[in-house]
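Quick notes on the structure that follows.
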There are 2 protein chains.
Amino acid sequence: MKYGKVFVVDDDEAIRDALTWLLQSRGVEAEAFASAEEFLGCWDADIAGCLLLDIRMSGMSGLDLFDRLREVQARIPVIFLTGHGDVPMAVGALKRGARDFVEKPFNDNDLVDRVIEALEWDSQRRLDEAAAADLAARLEQLTARERQVMELVLAGKLNKVIADELGITMRTVEVHRAHVFEKMGVKTAVELAQLLSSHKGER
Amino acid sequence: MKYGKVFVVDDDEAIRDALTWLLQSRGVEAEAFASAEEFLGCWDADIAGCLLLDIRMSGMSGLDLFDRLREVQARIPVIFLTGHGDVPMAVGALKRGARDFVEKPFNDNDLVDRVIEALEWDSQRRLDEAAAADLAARLEQLTARERQVMELVLAGKLNKVIADELGITMRTVEVHRAHVFEKMGVKTAVELAQLLSSHKGER
DNA sequence: CCCGCTTGTTCGGAAATCCACAATAGCCGA
DNA sequence: TCGGCTATTGTGGATTTCCGAACAAGCGGG
């Protein structure tokens with residue numbers, strides 16, 4: 001039951017209240033905001049959850065907020081809500097990465113299902129990103145030389161060849177190689193290759 | 001300009017003619033079908049391209065055809081066309097994997113752009129799938145024992161340990177290991193790990 | 001009966017791994 | 001500024017592992 005939090009952003013107080021009541025009655029934590037600006041003001045990227053976002057609002061629109069979030073690499077799932085949406089708008093939102101697009105009035109059960117789906121997706125995404133961040137932190141603490149050696153190791157080259165290419169002794173290569181393994185928390189070159197391959201292309 | 005072919009499926013002859021004319025005038029090869037059944041009858045999964053699919057048709061509907069294609073693992077990109085679509089239909093189609101969803105009447109330039117996007121996506125997808133198929137074919141020709149050894153190699157274990165776990169001699173492990181490398185077309189365990197990691201989870 | 005899979009042996013060289021010892025350079029806090 | 005600390009580089013030697021080549025034998029399917 002501990003998924004994360006739902007952030008409801010809608011300038012219609014009745015909708016906000018109805019949504020927070022609906023979600024909380026289903027055991028889902030929810031917090032409401034009257035505008036995109038208000039949400040941005042107190043948003044913390046570290047809190048897991050999803051966004052229930054009205055498209056048509058005074059001030060910054062839902063789509064504007066969505067674009068803003070994507071600009072800062074925030075990948076929190078966004079479910080758009082709209083009373084006057086059309087097909088091109090929905091298609092555009094989804095193709096740009098929105099999680100879902102729901103018309104008002106909505107079916108309570110259906111909406112809650114979609115919200116829970118989004119929350120589960122987000123918590124999985126956070127696990128993946130945490131692993132990637134951990135990996136990045138480890139890569140960070142490698143020295144320049146160690147990174148060079150690591151790349152050549154990952155290219156499948158023998159220590160001897162690496163030594164040649166870098167103009168250093170094989171023994172020195174071994175030292176760097178051992179440091180790389182230690183800092184990356186692996187014991188063999190194979191593990192290192194898998195560690196980096198699996199989390200590649202996640203940017 | 002050699003992208004692939006566009007398969008137009010629509011039961012309205014005027015639309016079919018207009019679409020094929022439009023596409024061909026832009027240098028995109030197109031072929032029209034009057035029904036989902038007719039398309040299925042002469043469809044070849046090996047031909048690169050995309051599908052321009054009307055949703056509302058007599059007989060099998062566009063959505064039915066879409067589902068049928070997904071059932072047989074056909075991942076050809078599908079752009080839905082509809083004259084009477086609504087938001088939930090569009091959202092549902094996209095969330096189930098449709099490439100795009102366009103309302104009639106459509107803007108010619110816009111539609112051609114989307115078609116070309118889909119064609120480019122498909123040709124890239126085919127490259128990826130060809131690589132994956134090649135990999136699968138290589139894995140296929142490994143013997144059971146070779147696969148076992150390969151897994152342990154990928155677990156980063158030493159030949160000695162592998163020999164212990166399989167209850168065979170180290171030398172025999174080395175033979176299998178060498179066969180694996182040969183059949184998989186790699187020269188080191190690191191390359192093997194990268195080959196398998198990069199094409200994992202592409203199902 | 002031949003072929004491929006699996007298994008085994010022996011030999012030897014190449015490569016990787018581990019250890020101890022050590023020197024140079026830069027950086028940071030006392 | 002001086003004394004650690006780390007990164008980087010080096011040497012020499014010992015041990016382990018990897019790998020290629022050659023030879024061979026049991027076994028099961030076509």
Set out, in order, the CA-CA distance, both residues' side-chain angles and the distance that settles side-chain contact (heavy atoms from CB on, under 4.5 Å) for B:M89 and B:F101, then state yes or no. CA-CA 9 Å; B:M89 182 185 287; B:F101 194 102; 4.1 Å; yes
Please evaluate residues A:L81 and A:L111 with respect to the criterion side-chain contact (heavy atoms from CB on, under 4.5 Å), reporting the C-alpha separation (whole Å), side-chain torsions for both, the decisive distance (0.1 Å), and the verdict. CA-CA 10 Å; A:L81 286 178; A:L111 184 67; 4.2 Å; yes
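- On the nucleic acid side, DNA chain C contacts chain A at distances under 4.0 Å to non-hydrogen atoms, with the end points of that region at C:dA15 to C:dA20.
- Of the inter-residue distances, the one linking B:E71 atom CD with B:R68 atom CZ reads 6.5 Å to the nearest 0.5 angstrom.
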Donor-acceptor pairs under 3.5 angstrom involving side-chain atoms of residues 175-184 of chain A: please list them, not counting sequence neighbours.
{"from": "A:R177", "atom 1": "NH1", "to": "A:N159", "atom 2": "OD1", "distance (Å)": "2.4"}
{"from": "A:H179", "atom 1": "ND1", "to": "A:E146", "atom 2": "OE2", "distance (Å)": "3.3"}
{"from": "A:K183", "atom 1": "NZ", "to": "A:Q141", "atom 2": "O", "distance (Å)": "3.1"}
{"from": "A:K183", "atom 1": "NZ", "to": "A:E146", "atom 2": "OE1", "distance (Å)": "2.9"}

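- Using cut-offs of 30° and 60° for the angle between ring planes, the A:F33 and A:F7 rings count as tilted.
- Between A:R114 and A:D100 a salt bridge is recorded (basic side-chain N to carboxylate O distance below 4.0 Å).
- Near DNA chain C, meaning a heavy atom under 4.0 Å away, the residues from residues 159-173 of chain B are B:I168, B:T169, B:R171, B:T172.
- Of all nucleotides in DNA chain D, those with any atom nearer than 4.0 Å to a heavy atom of chain A start and finish, going 5' to 3', at D:dA7 to D:dG12.
- Going from atom CD of A:E31 over to atom SG of A:C42 covers 6.0 Å, rounded to the nearest 0.5 Å.
- Side-chain contact, B:N109 with B:R26: a donor N or O sits under 3.5 Å from an acceptor N or O.
- Residues from residues 174-183 of chain B with heavy atoms under 4.0 angstrom of DNA chain C, sorted by number: B:V175, B:H176.
- Residue B:W21 qualifies as open at atom CH2: its count of foreign heavy atoms under 6.0 Å is 12 or below.
- Within a 6.0 Å sphere centred on NZ of A:K95, heavy atoms belonging to other residues, nucleotides or ligands number more than 12.
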Side-chain polar contacts of residues 50-58 of chain B - donor-acceptor pairs under 3.5 angstrom, sequence neighbours left out - could you list them?
{"from": "B:D54", "atom 1": "OD1", "to": "B:K104", "atom 2": "NZ", "distance (Å)": "3.2"}

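- With rounding to the nearest 0.5 Å, the separation of CG in A:L158 from CG in A:L152 is 11.5 Å.
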